Asks: 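My structure is below; once you've seen it, I'll send some questions.
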Amino acid sequence: MDYFVKTIVSLLKEKTSLQEDELEKLIEIPPDLKMGDYAFPCYSLSKTLKKAPNIIATELAKTLPIISPIVEIKAIGPYVNFFVNKATFSEMVLKKVCEERDCYGSGNIGSGRTVVIDYSSPNIAKHLAVHHLRSALIGSAIYNIYKTLGYRCMGINHLGDWGTQFGQLIVAYKKWGSENAHKSYTVTDLNNLYVKFHQEAEKNTALEDEAREWFKKLEAGDSEAKELWQHFKDISLKEFQKIYDMLGIHFDAFIGESFYNTMVEDTVTRIKGKGLTRISEQALIVDLETYSMPPCLLRKKDDATLYATRDIAAAEYRKKTYNFAKMIYVVGSEQKLHFKQVFKVLELMGYGWANHCVHVDFGLMKFKDGKMSTRKGKVVLLEDLLIEAVERIRKIIEEKNPSLENKEAVAKDVGIGAVLFADLSAKRNKDVVFDWDEALNFEGETGPYVQYTHARLCSILRKYGRPVTADIHFELLKEDETIILIKNLWRYPSVILKAAEFYEPSLISNYLIDVCGNLNRFYNAHRVLSDDEELTKARILLVDVTRQVIKNGLHILGMRAPERM
RNA sequence: GCGCCCGUAGCUCAGCUGGAUAGAGCAACGGUUUCCUAAACCGUAGGUCAGACGUUCAAAUCGUCUCGGGCGCACCA
């Protein structure tokens, strides 16, 4: 618990009938600095005491003793407001950040516990498009958040690398692709083959049979089929990796659906063994009507297994392999029902850990006039968006800071960061309508704003050119703009915790915008470097500490923090 | 039809485990640079928090219903 809150709670405990934990929950931060640093609302006491909250507040304010670090207690309406010693407060905050540096905001609540996070998980032989961005970025940010809190994280890319479409691709490749055997194939080529297959299949239905035939061969382990499939997979992974590298996204394992192929039989047997299944319309299902859900299909009438079956097998495998304390699926909200069903089946199988599985869903990305669709080719390729973002930033650098060194690297950090920050800014719940201008708007509450603020702070520190010390006169940090900033820096660790609790990276992006606003207001109102040596030392410490918090926040979102831009 | 999500300023969104006067950014208009990066900052204007009823000392926040938009609901993933 916060040292200041702790003191206030201990005071209140003496004069009220409430318990420590109740009091702690009630303590608030007043909306205005002038009202005080902490506040205790008296509404809940008015019931038991049968007095108006205003009167209780007045009485409490009179009777509570003033002990350090509290300097004043004042009733305002129904609130008892506490003022703490600003110098003590600043000293505590700034020294803490100064000591912890890159670790400020970290914790150990997760030590010894593993979290499995399933994110990105694209389909092989198709391009990564902008609507694939969200899963990757949200998942990656959650990975960083949990890691910061001391969890061991396993980031898994659950590739869509199995299914009849690979039979189709093999047929297309053999018919129209293999003559260029020496050509190095790209995902675009594979996509074209896939499209061509569908065009031709309309005229010639025999192609579909051929494709099914090849998929069967693939399932049976036919060496030619397997070799081609592996080839397609390699091509795709190479291209995916290029984009993951651009975005700075890391996975601990690429384990596609095909991997669980051999385990699915045992999984189905186990589910059957628990007496959970029955045959309905020739399909093998788990009836979930008691839980007001449609049935979970395990096997189609042609005996093939489904997505859900493989997900159940994968969950069993992951539990066995990683013994996770929590497993997080970062998948779009259109699959909510699917995961509810899968988790329910796991629960019915008797797995206590079923409720350690969470589906972190997010809103869809679509165009103004409708959905994005790989099948119809109605997509914006992720790579194009990233390249365009970097290109535009390059122009802005040319205009605003033409003498900058490393222009190329900075343009990359800022351009890609902008796309990333934009996607992580809104609560993940919300649908996103894709618009080029909006995606590439760099003004206001954006990634570049945060990075620019960081770069300015670095610039001041460079100009100062001496080591920063925490041995300063903390009472010099006294203006409103300064205090508001320091208060916000103090909040950072609790923001990380909340972001973890709600699986919500946007809490961090919003927090950074807030801190940067505080900083820029401070920056515009007060000079850091001046003839007053003591004041300069004090403000430079604040600058350095703010720089540190912004950097930590950017890193957790997966962004770079350039020192010049 | 049933289920889930969303609806806050012209636009994009914070605020939602109830609490002090509903906040930002963009767009509009006006201002700030002999001074640490003006990718910044300040000011003006802009609101029936979709609507109704209810719970409560107190509702943008909780509940019920209505309207509007999105998604899902058996052999795709």
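Order of the sequence lines fixes the chain letters, A, B, ..., with proteins taken first and strands second; residue numbering starts at 1 for each chain. Note that the structure is predicted; figures quoted are calculated from it, not measured.
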Asks: It should be established whether A/R456 places a side-chain nitrogen or oxygen under 4.0 Å from OP1 or OP2 of nucleotide B/rA40.
Replies: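 A/R456 to B/rA40 OP1/OP2: no side-chain N or O under 4.0 Å.
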Asks: Examine B/rC6: is either OP1 or OP2 under 4.0 Å from a nitrogen or oxygen in the side chain of A/N429? Give yes or no.
Replies: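 Result: yes.
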Asks: Looking only at atom P, what distance separates B/rC16 and B/rA50, rounded to whole Å?
Replies: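 That atom pair is separated by 15 Å.
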Asks: Which nucleotide sits closest to the side chain of A/L529: B/rA39, B/rC13, B/rC36?
Replies: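 Nucleotide nearest to A/L529's side chain: B/rC36.
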Asks: By the 4.0 Å heavy-atom rule, please label A/P41 as base, sugar-phosphate, or nothing.
Replies: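 If one applies the 4.0 Å heavy-atom cut-off, A/P41 turns out to touch nothing in the nucleic acid.
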Asks: If we check salt bridge (charged side-chain N to carboxylate O under 4.0 Å, His left out) with A/R539, which of these qualifies: A/E479, A/E533, A/E481, A/E534?
Replies: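 Filter result, single survivor: A/E479.
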Asks: Please confirm whether A/R428 makes a cation-pi placement over A/Y503, using NZ or CZ under 6.0 Å from the six-membered ring centre and within 45° of the ring normal.
Replies: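 Geometry flag: not set, cation outside 6.0 Å or 45°.
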Asks: Which helical stems does RNA chain B take part in, if a stem means at least 3 consecutive Watson-Crick or G-U pairs with both distances below 3.5 Å?
Replies: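 B:1-7 with B:67-73, B:10-13 with B:23-26, B:28-32 with B:40-44, B:50-54 with B:62-66 - these are the stems of 3 or more pairs that involve RNA chain B.
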Asks: Given B/rC6, is OP1 or OP2 found less than 4.0 Å from the side-chain N or O atoms of A/K430?
Replies: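 No, because none of the side-chain N or O atoms of A/K430 sits under 4.0 Å from OP1 or OP2 of B/rC6.
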Asks: Pick the P atom in B/rC42 and in B/rC26, then give their distance to the nearest Å.
Replies: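 Per the computed distance, 11 Å lies between those P atoms.
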Asks: With 3.5 Å as the limit, what N/O pairs link the protein to nucleotides 33-35 of chain B?
Replies:
unit_1	atom_1	unit_2	atom_2	d
B/rC35	O2'	A/R527	NH1	2.1
B/rC35	O2'	A/R527	NH2	3.2

Asks: From CD of A/E504 over to P of B/rC16, roughly how many Å is that when rounded to an integer?
Replies: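 Rounding to the nearest Å, CD of A/E504 and P of B/rC16 are 12 Å apart.
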Asks: How many Å lie between CD on A/E281 and C1' on B/rC73, as a whole number?
Replies: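 The distance from CD of A/E281 to C1' of B/rC73 comes to 14 Å, rounded to the nearest Å.
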Asks: Over how many whole Å does the gap from A/I513 atom CD1 to B/rG15 atom C1' extend?
Replies: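 Taking atom C1' of B/rG15 as the reference, CD1 of A/I513 is at 16 Å.
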Asks: In terms of side-chain geometry, is the basic nitrogen of A/E257 or A/R310 positioned less than 4.0 Å from the acidic oxygen of its partner?
Replies: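 A salt bridge is present here (some side-chain N lies under 4.0 Å from a carboxylate O).
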Asks: How long is the line joining NZ of A/K366 and P of B/rC6, in whole Å?
Replies: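 Taking NZ of A/K366 and P of B/rC6, I get 14 Å after rounding.
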Asks: How far does the P atom of B/rG47 sit from the matching atom of B/rA38, given to the nearest Å?
Replies: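 Taking atom P in both B/rG47 and B/rA38, they lie 34 Å apart.
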Asks: Can you check whether A/S46 has a side-chain N or O nearer than 4.0 Å to OP1 or OP2 of B/rC57?
Replies: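 Checking B/rC57 against A/S46, no side-chain N or O comes under 4.0 Å of OP1 or OP2.
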Asks: Classify the side-chain pair A/T536/A/S530 by whether it contains a donor and acceptor separated by less than 3.5 Å.
Replies: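 The criterion, which ignores hydrogens and geometry beyond distance, is satisfied for A/S530 and A/T536.
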Asks: Look at A/Y449 and B/rC41 and indicate whether a side-chain polar atom (N or O) is within less than 4.0 Å of OP1 or OP2.
Replies: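 Answer yes for this pair, as a side-chain N or O of A/Y449 is under 4.0 Å from OP1 or OP2.
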Asks: Run the salt-bridge test on A/K395 and A/E398 with the 4.0 Å N-O cut-off and return the result as yes or no.
Replies: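 No, this pair does not count.
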Asks: Is A/E408 paired with A/K412 through a side-chain N to carboxylate O contact shorter than 4.0 Å?
Replies: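 Here A/K412 does not pair with A/E408 in a salt bridge, since their nearest N and O are not under 4.0 Å apart.
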Asks: When the ring planes of A/F339 and A/F343 are compared, do they come out parallel, tilted or perpendicular, using 30° and 60° as the limits?
Replies: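 The arrangement is tilted - the two ring planes meet at 30° to 60°.
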Asks: With a cut-off of less than 4.0 Å, is there a side-chain N or O of A/Y452 near OP1 or OP2 of B/rA39?
Replies: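 A/Y452 to B/rA39 OP1/OP2: side-chain N or O found under 4.0 Å.
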Asks: May I ask you to say what A/R564 touches in the nucleic acid, namely base, sugar-phosphate or nothing, with a heavy-atom cut-off under 4.0 Å?
Replies: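 Since a base atom lies under 4.0 Å of A/R564, the category is base.
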Asks: How far, in whole Å, is B/rG30 from B/rA14 if one measures between their P atoms?
Replies: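 So the two P atoms sit 31 Å from each other.
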Asks: Just call it for A/S280: base, sugar-phosphate, or nothing, with non-hydrogen atoms closer than 4.0 Å on any strand.
Replies: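 Base contact.
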Asks: Can you check the distance between B/rC71 and B/rU37, where both ends of the measurement are the P atom (answer in whole Å)?
Replies: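 My reading of the P atoms in B/rC71 and B/rU37 gives 49 Å.
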Asks: Using a 4.0 Å heavy-atom cut-off across all strands, classify A/D311 as base, sugar-phosphate, or nothing.
Replies: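 Nothing, no nucleic acid heavy atom in range.
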Asks: Using a 4.0 Å heavy-atom cut-off across all strands, classify A/Q165 as base, sugar-phosphate, or nothing.
Replies: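 No contact.
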Asks: For A/Y523, report the nucleic acid contact type (base, sugar-phosphate, nothing); a contact means any heavy atom under 4.0 Å.
Replies: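 Base: the residue A/Y523, judged by heavy atoms under 4.0 Å, touches a nucleobase.
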Asks: Counting the atoms with a prime plus P, OP1 and OP2 as sugar-phosphate, which does A/K340 contact under 4.0 Å by heavy atoms, base, sugar-phosphate, or nothing?
Replies: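 If one applies the 4.0 Å heavy-atom cut-off, A/K340 turns out to touch nothing in the nucleic acid.
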Asks: Is the shortest side-chain N/O distance from A/R462 to OP1 or OP2 of B/rC36 below 4.0 Å?
Replies: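 So the side chain of A/R462 is outside the cut-off, no N or O lying under 4.0 Å from OP1 or OP2 of B/rC36.
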Asks: Name the residue closer to the 5' end of RNA chain B, choosing between A/D361 and A/F502 according to the nucleotide with the nearest heavy atom.
Replies: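 Closer to the 5' end of RNA chain B: A/D361.
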Asks: When the C1' atoms of B/rC62 and B/rU56 are compared, how many Å lie between them, rounded to an integer?
Replies: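 Straight-line distance between the two C1' atoms is 10 Å.
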Asks: On a plain distance test, is the side chain of A/D287 in donor-acceptor contact with the base of B/rA74 below 3.5 Å?
Replies: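 Absent.
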